[in-house]
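Below is one structure, written out as structure tokens, with a few remarks after it.
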Amino acid sequence: MRTESAEPAVMPADLDAQQQRFDTIVVGAGVAGLTAARLLSQVGRRVVVLEARDRVGGRVVTDRRFGLATDLGASWIHGITGSPVAAAAEAFGMRAVEFTVGGYQPDSRPIAYYAPDGRRLTDAAARRFADDIRVVDDTLADVIADSAPDASYRDVTEIALAAQRWDQERVERVREFLEHRSEEQYGAWIEDLAAHGLDDDVIDGDEVVFPDGYDHLPRRLAEGLDIRLTHVVSHVLWSTDGVVVTTDRGRFAAGDAVVTVPVGVLQSEHFTIEPPLPQPQAGALGRLRMNAFEKVFLRFPARFWDDGVYAIRQQGAGSRWWHSWYDLTPLHGTPTLLTFAAGPAAAGTRDWSEEQIVESVLAQLHRLYGDRVERPSHVHVTDWQDDPYSRGSYAYMTVGSTTRDHDDLASPVGGVLHLAGEATWTDDPATVPAALLSGHRAAENVLGRGIPIETTWSAAAGGAAA
Ligand SMILES: Cc1cc2nc3c(=O)[nH]c(=O)nc-3n(C[C@H](O)[C@H](O)[C@H](O)COP(=O)(O)OP(=O)(O)OC[C@H]3O[C@@H](n4cnc5c(N)ncnc54)[C@H](O)[C@@H]3O)c2cc1C
């Protein structure tokens with residue numbers, strides 16, 4: 001076990017005089033990196049956080065144009081019961097609003113469903129549809145448990161659908177829903193997602209969003225830490241003696257490092273680890289992939305859609321790309337719909353202009369609401385796929401991957417290199433809680449002892465601000 005606040009162990013011989021030395025280097029100031037840095041600095045370790053962007057938060061980022069807080073990355077806590085992020089948000093005084101349809105649930109809250117012909121389903125028909133989804137999900141659990149290692153989510157859902165012996169129309173509606181769930185939850189086409197790819201997608205309790213912006217979380221976590229913004233890390237050299245991290249602004253040395261860059265960055269040629277990651281980390285990394293998932297916010301002069309619903313969903317051929325709209329009006333009192341370009345829609349529109357995307361979305365809203373649809377007054381379309389510091393929105397399990405890959409990725413390397421971040425956490429990966437919990441685990445691994453997770457939000461960081 002390492003002694004707290006110890007000098008870094010003997011470093012490789014080629015270190016230069018300008019090089020800065022720390023106990024621990026954290027790469028990435030997203031929720032995972034900030035959590036690890038905070039916990040380590042709380043016990044007196046000298047920690048530096050190296051961050052490529054000019055801000056903290058990574059994939060938790062809030063746009064504040066037009067006097068509104070628009071979360072361009074994470075929005076939801078997908079279930080507040082037992083969530084460390086819910087506890088942290090409460091401790092940091094973040095205002096939360098219940099919005100329990102984020103996890104692509106069929107009917108957790110009122111949803112206006114539209115049939116393939118564009119007419120709204122009656123409440124009874126919508127209930128029957130939601131019941132069909134539940135029946136298939138019940139069958140699916142056993143099918144997935146018995147599935148072959150190379151089975152895709154499509155393979156298992158087809159088996160579960162066939163077992164129902166329904167007519168074609170009934171099957172098609174649920175098949176469509178399952179495709180959309182794979183896209184909206186993981187930003188992946190159903191044939192590219194592993195059979196087990198949605199296993200950990202469990203929602204416990206209400207879902208909430210943050211009307212004043214999710215970015216309060218990383219900002220509060222960052223308080224008091226030594227964070228070097230606009231430091232792009234390109235190389236991590238490790239040995240059992242310690243690490244040397246190369247950035248575009250010089251090199252940094254430490255006894256150990258916590259690397260929290262997204263899977264897309266880890267896999268890119270612009271970020272190298274030397275010696276390369278061993279097994280099982282390398283194999284696990286090869287089976288995870290960044291997705292294609294973008295948000296499209298449309299703010300309208302007036303509401304033209306259904307009253308009293310959290311979301312609008314359409315079925316049928318028109319729904320291939322644009323199928324779900326979430327009514328964010330209650331957040332700010334401004335008529336707002338959020339939809340997602342997810343999986344094939346995000347890949348297909350990657351090179352489109354904002355105007356083309358808006359036209360394509362509006363064409364589908366016209367099918368449902370006719371001339372009542374007005375031009376949006378403000379639009380925001382994200383571009384996570386082309387963001388060099390994320391290279392997608394979050395990681396999904398490709399066919400052949402197992403849930404264990406997430407944890408394997410986090411096995412410490414040489415006792416000095418610790419990978420953390422959403423993709424390294426098995427229970428509900430691809431989320432902010434996963435990022436926070438992975439940062440906590442990395443800090444525990446660095447120290448070689450347990451740390452109560454509550455200290456993440458109940459104690460000050462203790463380091464000096466940069
Ligand atoms: C559109 C979208 C919607 C989402 N919706 C939700 C949601 O509703 N609920 C939810 O729980 N989660 C959601 N997520 C996922 C959630 O945002 C992430 O799982 C979480 O924020 C990841 O945190 P992290 O610390 O692992 O990674 P990051 O936040 O990506 O942090 C990694 C940091 O490393 C930095 N970095 C990258 N490369 C380098 C480099 N070369 N040198 C130095 N620094 C580098 C990055 O700039 C970044 O700050 C969403 C994500 C997106 C993009």
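Whatever order the structure lists them in is the order used to number ligands and atoms, beginning at 1. Predicted model only: the values in this text are computed from it and were never measured. Heavy atoms only: backbone and side chains are in, while hydrogens, waters and symmetry mates are out.
- Contacts between Tyr389 and ligand 1 below 4.0 angstrom, taking non-hydrogen atoms only, involve backbone and side chain alike.
- Close approach of ligand 1 to Val265 (heavy-atom distance below 4.0 Å) involves ligand atoms 38 (N).
- Heavy atoms of Ser75 approach ligand 1 to within less than 4.0 angstrom.
- Remark: Arg313 qualifies as a cation-pi partner of Tyr104 under the 6.0 Å distance and 45° angle criteria applied to the six-membered ring.
- Distances shorter than 4.0 angstrom occur between a heavy atom of Thr260 and an atom of ligand 1.
- A distance-only check finds no donor-acceptor pair linking the side chain of Glu183 to the backbone of Phe340 [under 3.5 Å].
- Using a 4.0 Å cut-off between charged nitrogen and carboxylate oxygen, Glu355 and Arg375 count as a salt-bridge pair.
- Between Trp76 and Phe99, the distance from one ring center to the other falls under 6.0 angstrom.
- Looking only at distances, a side-chain donor or acceptor of Arg59 sits under 3.5 Å from a matching main-chain atom of Ser393.
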side-chain contact (heavy atoms from CB on, under 4.5 Å) between Trp352 and Ser360: does it pass, once the steps are laid out?
CA-CA 10 Å; Trp352 287 21; Ser360 179; 3.6 Å; yes
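- Residue Val60 approaches ligand 1 through these ligand atoms, each under 4.0 Å from one of its heavy atoms: 21 (O).
- With ligand atoms numbered from 1 in the order given, ligand 1 contributes 42 (N), 43 (C) to contacts under 4.0 Å with heavy atoms of His231.
- Every atom of ligand 1 with a heavy atom of Leu72 under 4.0 Å away is listed here by number and element: 1 (C).
- For Leu34, the heavy-atom gap to ligand 1 stays at 4.0 angstrom or more.
- Ion pairing between a basic and an acidic side chain is recognised when a charged N comes within 4.0 Å of a carboxylate O; Glu179 and Arg320 show such pairing.
- Within ligand 1, counting atoms from 1 as listed, the ones closer than 4.0 Å to a heavy atom of Gly421 are 26 (O).
- The distance between the ring centers of Phe300 and His378 does not fall below 6.0 angstrom.
- Residue contact annotation: Pro433 has a non-hydrogen atom under 4.0 Å from ligand 1.
- For the pair Gly57 and ligand 1, a heavy-atom separation below 4.0 Å is found.
- An N or O contact shorter than 3.5 Å links Arg59 to ligand 1 by distance.
- Here atom 51 (C) of ligand 1 lies nearest to Tyr394 when heavy atoms of Tyr394, Phe271, Phe293 are compared.
- In terms of modelled atom types and a separation under 3.5 Å, the side chain of His196 and the main chain of Ser152 share no donor-acceptor contact.
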